Amino acid sequence: MAANKEDSALVKLELACSDLRTLLQSSAKLEKDLEEMEKKFDSIDEKLSTAAKRVAPLQSLAMAAKALETRINRAVSPALGLLHSFKLSESFQKKLIELSNKLSIEKNPRKRLKKLLKYVQCVDQLNEVINLISRDGEPVIQKLQEVVEFLSRTKATDQYRTQRLKETLITLKALYESEVDAMRFDGLLDEALLNLQDEFEIMLQQMKHQNIGEQQADEEADQTLVSELGTEMEVQVLRRIAETLSASDCLDICIDIFVKVRYRRAAKALMRLNPDYLRTYTPEEIDEMQWESLETAISLWIQHFELAVKTVFVLEKKLCKQVLGGLPEVLIWLECFVKIADKIMAVFFRFGEGVARSNREPQKLFKLLEMFDSLEKLKLEFTEIFEGESGADICIRFRELEKLLVHASSKVFWEFGLQIEGTSDFFAPPQDGSVPKLVRYAVNYLKYLTTETYSAPMAKVFRTEQMWKAGILSKPETDENLLKDAISNIMEALQRNIESKSSSYKDKILPHIFVMNTYWYIYMRSRNTELGKLIGEHYMKQKYKSAAEESAYMYQWRAWRPLVRLLEKEESEEQGNGTKATAVFVRGKLEAFFNRFDEISQRHARGYSIPDADLREQLREATVKLVVPVYSEFLNAHSKLLSGESYVSPESLKGLVDQVFNGTDRTSNGKPKRRDSKDTVPGRNSVSVEGELKNFRRSRSKSIDA
């Protein structure tokens with residue numbers, strides 16, 4: 001069993017050895033084959049090296065040829081492009097000449113604008129080509145020159161071709177040096193730009209402001225007043241011309257033309273309003289003007305200033321933006337607009353400043369307030385029109401004028417109060433006790449000031465001035481209180497003036513007539529008006545009506561009460577009734593009565609005046625009721641003693657009293673005075689004086705001292 005195993009192992013071992021021998025034989029054969037292949041590869045490699053050495057010069061020549069081609073193309077292609085640009089330039093110049101000829105003979109405005117637009121486009125194209133030639137010419141010639149030098153140095157081509165290339169270079173260089181500057185500055189382009197400048201100026205001159213100076217009746221007409229200066233086509237052409245001139249280094253010329261022409265047009269438009277008053281603008285010259293002329297000038301200034309801002313400058317600004325708004329300099333159009341408006345506004349400003357700095361006469365207050373109010377209404381629109389940094393100087397001057405007007409208005413008002421105070425010592429009161437001119441003027445002045453037209457701007461002046469003094473953060477009073485306090489101060493000054501003048505009379509009755517007339521005038525002229533509402537109707541009654549009633553009572557007491565006392569009964573009459581002595585005494589009383597009555601009548605006719613018809617009528621009625629009943633009673637009491645004698649009847653006495661009061665409506669020189677419509681209040685009812693004169697008829701038993 002063991003022997004079988006050993007035999008099997010030997011067999012396997014023999015088989016393995018046999019396989020190994022076979023493998024060794026195969027390996028030896030493979031090694032031999034590899035050696036043969038290596039010898040073949042060495043032979044191929046040697047052949048390839050020999051071939052490479054033979055091909056290398058040809059490869060270098062190919063690479064050099066490729067590099068030369070690239071170099072030549074880099075120079076020749078731009079040169080060909082430059083030559084093409086010269087050809088384009090020539091064609092555009094021919095086209096310009098053709099369009100120029102058509103423009104010169106075209107009469108239809110719209111067709112001419114279209115041709116002009118084409119002309120501008122052709123100028124742009126020519127300018128673009130010339131700029132391209134100018135920009136690319138030197139680099140192209142430089143590259144071409146480098147190629148010529150390279151070919152000459154390397155002899156990469158034959159001499160004939162090199163020579164032709166040199167000649168081409170010389171010709172191109174000479175053409176560039178001689179033609180480019182001529183095309184830019186002395187050629188047809190320059191002539192075309194000059195033509196465009198002329199067209200630009202002519203078109204701007206033709207754009208006129210329409211309807212300036214014509215008064216528009218309705219709101220629609222006012223809107224049509226602000227019309228376009230030019231058509232859409234005209235604006236488009238102007239804009240294209242401006243852009244073309246700007247692109248051709250003519251921006252300064254374009255701006256100068258625009259500002260010069262539009263300034264003249266705007267100025268001529270306003271000159272159609274005949275603003276000759278603007279020639280007088282210094283405070284000294286304004287002080288020498290007649291008031292009517294100055295008043296008219298200020299009214300015209302307000303109208304013309306508003307028209308210039310809201311119409312003329314609105315249109316000029318719009319045109320500036322439409323024509324110059326597309327230029328590279330973004331805000332150049334605003335600067336141009338300000339240049340156009342600056343000189344015109346300066347003329348308006350200097351007149352307003354002259355008025356504000358002139359003498360502060362009372363009547364100027366209303367025109368100053370009108371000027372201030374007009375500026376206030378225009379303020380927002382003015383700042384919008386003159387916007388930005390370029391309009392800052394004009395806006396500053398606008399605000400300075402407002403400040404001057406605020407200061408001047410305030411000064412005029414307060415100096416008016418001081419003038420009222422000052423006249424009490426220098427001017428005597430009216431000799432007949434009538435209302436002084438100062439009072440009439442002051443009351444009507446304040447009434448006019450408190451109307452809707454002037455009360456609001458006057459209050460704003462006071463508020464503005466108060467804010468200047470107290471600061472912006474302060475809390476000013478309401479406009480109504482500010483105006484009320486200011487006018488109350490003037491009324492108090494007027495009252496002090498009246499009281500001061502009343503004390504200068506030597507006659508004992510005239511002071512009462514004077515105060516009665518004056519306070520009654522103030523009350524009647526102020527009630528049911530804006531002045532009365534502002535100060536207060538109740539206050540007016542207490543202050544002025546009561547004072548007038550008190551003075552009326554004192555007038556009756558001083559003038560007519562002594563006359564009535566002459567007819568009062570005395571003890572001597574009662575004891576000697578019926579005797580001859582009593583009759584003589586009674587006749588003496590009557591004679592004394594009529595003598596005194598005649599004296600009173602003469603004084604009323606020559607020295608006393610009661611201008612107000614209603615006041616005079618009520619005084620007449622009260623006097624008749626005071627005198628006639630006492631006289632009638634006296635006649636009845638002594639009828640027996642006066643029987644057979646002629647005497648004035650009570651009815652005749654009433655007629656005489658009527659004549660006394662009907663003759664008191666006189667001027668200071670004694671001549672009858674026509675009733676002035678200014679001294680009446682339309683639609684007012686007669687105010688009873690009789691009811692207010694309490695206890696006017698005292699019982700005859702009561703003494704004068706009581």
Side-chain angles (χ1 to χ4, degrees), residues 427-437 439 498-521 547-568 588-631 634 647-648 650-676 679 689-690 693 696-698 704:
F427 297 96
Q431 296 178 0
D432 58 358
S434 59
V435 181
K437 291 182 179 179
V439 174
I498 294 169
E499 297 298 332
S500 175
K501 279 183 167 51
S502 66
S503 62
S504 62
Y505 285 107
K506 295 180 180 179
D507 188 296
K508 293 182 179 180
I509 299 175
L510 270 175
H512 306 300
I513 294 177
F514 170 73
V515 173
M516 174 187 67
N517 282 332
T518 305
Y519 283 142
W520 190 257
Y521 177 86
E549 292 168 350
E550 183 179 352
S551 296
Y553 171 75
M554 293 305 299
Y555 155 74
Q556 292 278 17
W557 182 270
R558 292 283 187 183
W560 297 100
R561 181 60 183 168
L563 179 66
V564 174
R565 290 185 67 248
L566 291 175
L567 299 182
E568 289 180 347
K589 272 196 163 191
L590 281 175
E591 184 178 358
F593 175 85
F594 282 105
N595 287 337
R596 184 60 183 268
F597 185 90
D598 184 61
E599 179 185 349
I600 294 173
S601 177
Q602 291 296 325
R603 293 174 73 176
H604 276 76
R606 296 178 180 176
Y608 299 160
S609 174
I610 305 174
D612 187 89
D614 291 329
L615 176 62
R616 190 170 61 250
E617 176 62 20
Q618 299 308 320
L619 286 174
R620 183 195 65 77
E621 292 178 0
T623 303
V624 166
K625 291 181 180 181
L626 172 68
V627 176
V628 174
V630 174
Y631 178 75
F634 181 83
Y647 54 85
V648 178
E651 290 76 12
S652 299
L653 180 62
K654 178 180 179 298
L656 292 174
V657 173
D658 291 345
Q659 290 180 11
V660 170
F661 285 96
N662 290 335
T664 56
D665 192 10
R666 297 173 180 271
T667 60
S668 58
N669 59 9
K671 296 181 181 180
K673 175 186 175 184
R674 296 180 64 184
R675 183 166 178 171
D676 191 353
D679 295 337
V689 178
E690 180 186 6
L693 299 175
F696 188 80
R697 295 181 59 191
R698 304 294 180 90
I704 296 177

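Predicted, not measured: the structure shown is a model, and the values here were computed from it.
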Taking the side chain as every heavy atom from C-beta outward, state whether Leu656 and Val660 have any atom pair closer than 4.5 Å. no

Rounded at 0.5 Å granularity, tell me how far OH in Tyr555 sits from CZ in Arg561. 15.0 Å

Test side-chain contact (heavy atoms from CB on, under 4.5 Å) on Tyr521 and Asp612 and set out the steps. CA-CA 8 Å; Tyr521 177 86; Asp612 187 89; over 6 Å; no

Mind checking what makes side-chain contact (heavy atoms from CB on, under 4.5 Å) contact with Ser652, not counting sequence neighbours? Val648, Ser649

Val627 vs Leu567 side-chain heavy atoms within contact, under 4.5 Å: no

Parallel under 30°, tilted from 30 to 60°, perpendicular over 60°: which one fits the rings of His604 and Trp560? tilted

Sorted by chain and number, sequence neighbours left out, salt bridge (Lys or Arg N to Asp or Glu O under 4.0 Å) with Arg603 holds for Asp507, Glu599

Measuring from Leu653:CG to Asp658:CG, what's the distance to the nearest 0.5 Å? 9.5 Å

With rounding to the nearest 0.5 Å, note down the distance linking CZ in Arg620 to CD in Gln618. 8.5 Å

Look at the side chain of Ser551 and the backbone N and O of Ala547, then say whether any donor-acceptor pair between them is shorter than 3.5 Å. yes

Separation of Arg565 CZ from Leu563 CG (nearest 0.5 Å): 11.5 Å

Quick one: list whatever passes salt bridge (Lys or Arg N to Asp or Glu O under 4.0 Å) with Asp598, sequence neighbours left out. none

Show the nearest heavy-atom pair for residues Phe593 and Leu566, with the distance to one decimal. CA-CD1, 3.9 Å

Could you pull out all donor-acceptor pairs under 3.5 Å where a side-chain atom in residues 509-518 meets a protein atom, sequence neighbours excluded?
unit_1	atom_1	unit_2	atom_2	d
Asn517	ND2	Gly433	O	2.8
Asn517	ND2	Ile513	O	3.2
Asn517	ND2	Ser609	O	2.6
Thr518	OG1	Phe514	O	2.7

Using a 3.5 Å distance criterion without hydrogens, assess whether the side chain of Arg616 forms a donor-acceptor pair with backbone atoms of Asn662. no

Only counting residues at least two apart or in another chain, list the ones meeting side-chain hydrogen bond (donor to acceptor under 3.5 Å, both in side chains) with Tyr519. Glu499

Sub-4.5 Å side-chain heavy-atom contact between Val657 and Lys654: no

